[in-house]
Amino acid sequence: MNNEVTKNYRKYNYKLPLKKLILAQFGAAMLGIMTSMPTVSIANGGHALDLATSTLAVAFLLYLQYTAMWDIGAKDKIAIDGGRLRCDKLLGLKAALLANLPTYILCALSIIFKGIHLLTSVDAIGACATATYGAELLWNYMYHGYLVLIVPSEPNSVMFILYLAAFAALTIPSLLTSFIAYNRGVKGIRIIPEKKKD
């Protein structure tokens, strides 16, 4: 009989990775807002500064997510080696998808409300579209500089939907980072190898 099937593994609790990934998202969004504030009043070269501040905030986000998921993977390695936890190579990706649910939900709601508003022209629906879009922008402000390059001016109805879809697409580096970091943590692979003692 297969031991992998018969072993009584504990169920994985996503509470810790979700907490760390969401805190990283919040911290990066705040950094994006704070670093982009000085660029608002700059007319010439503002896009370059937007891009620079967004790159800084996204790098900060990916750093926080990588270290958080690597640490979790390294701790899980002990339970995996002890036979208390099944090794799940997709765990980092699953945790990142769950942590990015607010982004996906807000994108979907904004697109739905905008679509209904285009069909019905009801002001209340338009206000809902604006509110969900505003929440989406605040939650993902680290990506603002990239989005400004995609749609530099106020987006029209069609571009608005593409603009929101770009928010979801910009989460791909976060998903890949969490996936790679967790698996490297489980394997004990560091970016900078530990110095061996003589």
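Source: prediction; values computed, not measured. Atom set for the values below is all heavy atoms of this structure, side chains included, hydrogens, waters and symmetry mates excluded.
- Note on Leu98: it does not cluster hydrophobically with Leu106, by side-chain heavy-atom contacts below 4.5 Å among ILVMFWY residues.
- Partner of Asn140 under the side chain to side chain contact (heavy atoms under 4.5 Å, CB included) criterion, out of Leu61, Leu170, Thr103: Thr103 alone.
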Which donor-acceptor pairs under 3.5 Å do side chains of residues 121-132 form with protein atoms, sequence neighbours excluded?
residue: Thr130; atom: OG1; partner: Gly126; partner atom: O; Å: 3.0
residue: Thr132; atom: OG1; partner: Ser110; partner atom: OG; Å: 2.9
residue: Thr132; atom: OG1; partner: Cys128; partner atom: O; Å: 2.9
residue: Thr132; atom: OG1; partner: Ala129; partner atom: O; Å: 3.1

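- Met69 has its side chain within reach of Leu21: a pair of non-hydrogen atoms, C-beta onward, lies under 4.5 Å apart.
- Under 4.0 Å is where a charged nitrogen must lie from a carboxylate oxygen, and between Asp71 and Lys20 no such pair does.
- The NZ atom of Lys114 sits 11.5 Å away from atom CD1 of Ile111, with the distance rounded to the nearest 0.5 Å.
- The hydrophobic clustering, which links ILVMFWY residues whose side-chain heavy atoms are closer than 4.5 Å, places Leu56 and Trp139 apart.
- Hydrophobic cluster membership is shared by Met30 and Leu62, with clusters built from Ile, Leu, Val, Met, Phe, Trp and Tyr side chains linked at under 4.5 angstrom.
- Both Leu16 and Leu85 are members of a single hydrophobic cluster when ILVMFWY side chains are connected at heavy-atom separations under 4.5 Å.
- Ile22 CD1 to Gln65 CD: the interatomic distance, rounded to the nearest 0.5 Å, is 10.5 Å.
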Please determine whether side-chain contact (heavy atoms from CB on, under 4.5 Å) holds for the pair Leu31 and Tyr141, giving the CA-CA distance in whole Å, both sets of side-chain angles, and the decisive distance to 0.1 Å.
CA-CA 9 Å; Leu31 180 66; Tyr141 207 85; over 6 Å; no

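- Proximity of a side-chain donor or acceptor of Thr53 to a complementary backbone N or O of Asp50 within less than 3.5 Å is detected.
- The environment of OH in Tyr14 is crowded: more than 12 heavy-atom neighbours from other residues, nucleotides or ligands sit within 6.0 Å.
- Within the model, atoms CH2 of Trp70 and CZ of Arg190 stand 4.0 Å from one another, a figure rounded to the nearest 0.5 Å.
- Of the N and O atoms on the side chains of Thr171 and Asn100, not one donor lies less than 3.5 Å from an acceptor on the other residue.
- Between Val186 and Cys87 there is a side-chain heavy-atom pair separated by less than 4.5 Å.
- With hydrogens and angles disregarded, a donor-acceptor distance shorter than 3.5 Å links the side chain of Ser54 to the backbone of Met142.
- For the atom pair NE2 (His144) and CD1 (Ile33), the distance works out to 10.0 Å, reported to the nearest 0.5 Å.
- Of the inter-residue distances, the one linking Phe179 atom CZ with Ser174 atom OG reads 13.5 Å to the nearest 0.5 angstrom.
- With rounding to the nearest 0.5 Å, the separation of CZ in Arg84 from CG in Asp76 is 10.0 Å.
- No donor-acceptor contact under 3.5 angstrom links the side chains of Thr177 and Tyr63, judged on distance only.
- Two residues are said to be in side-chain contact when any heavy atoms from C-beta on lie closer than 4.5 Å; Asp88 and Tyr182 fail this criterion.
- In the hydrophobic clustering of this structure, Leu138 groups with Tyr146; members are Ile, Leu, Val, Met, Phe, Trp, Tyr whose side-chain heavy atoms approach within less than 4.5 Å, directly or through other members.
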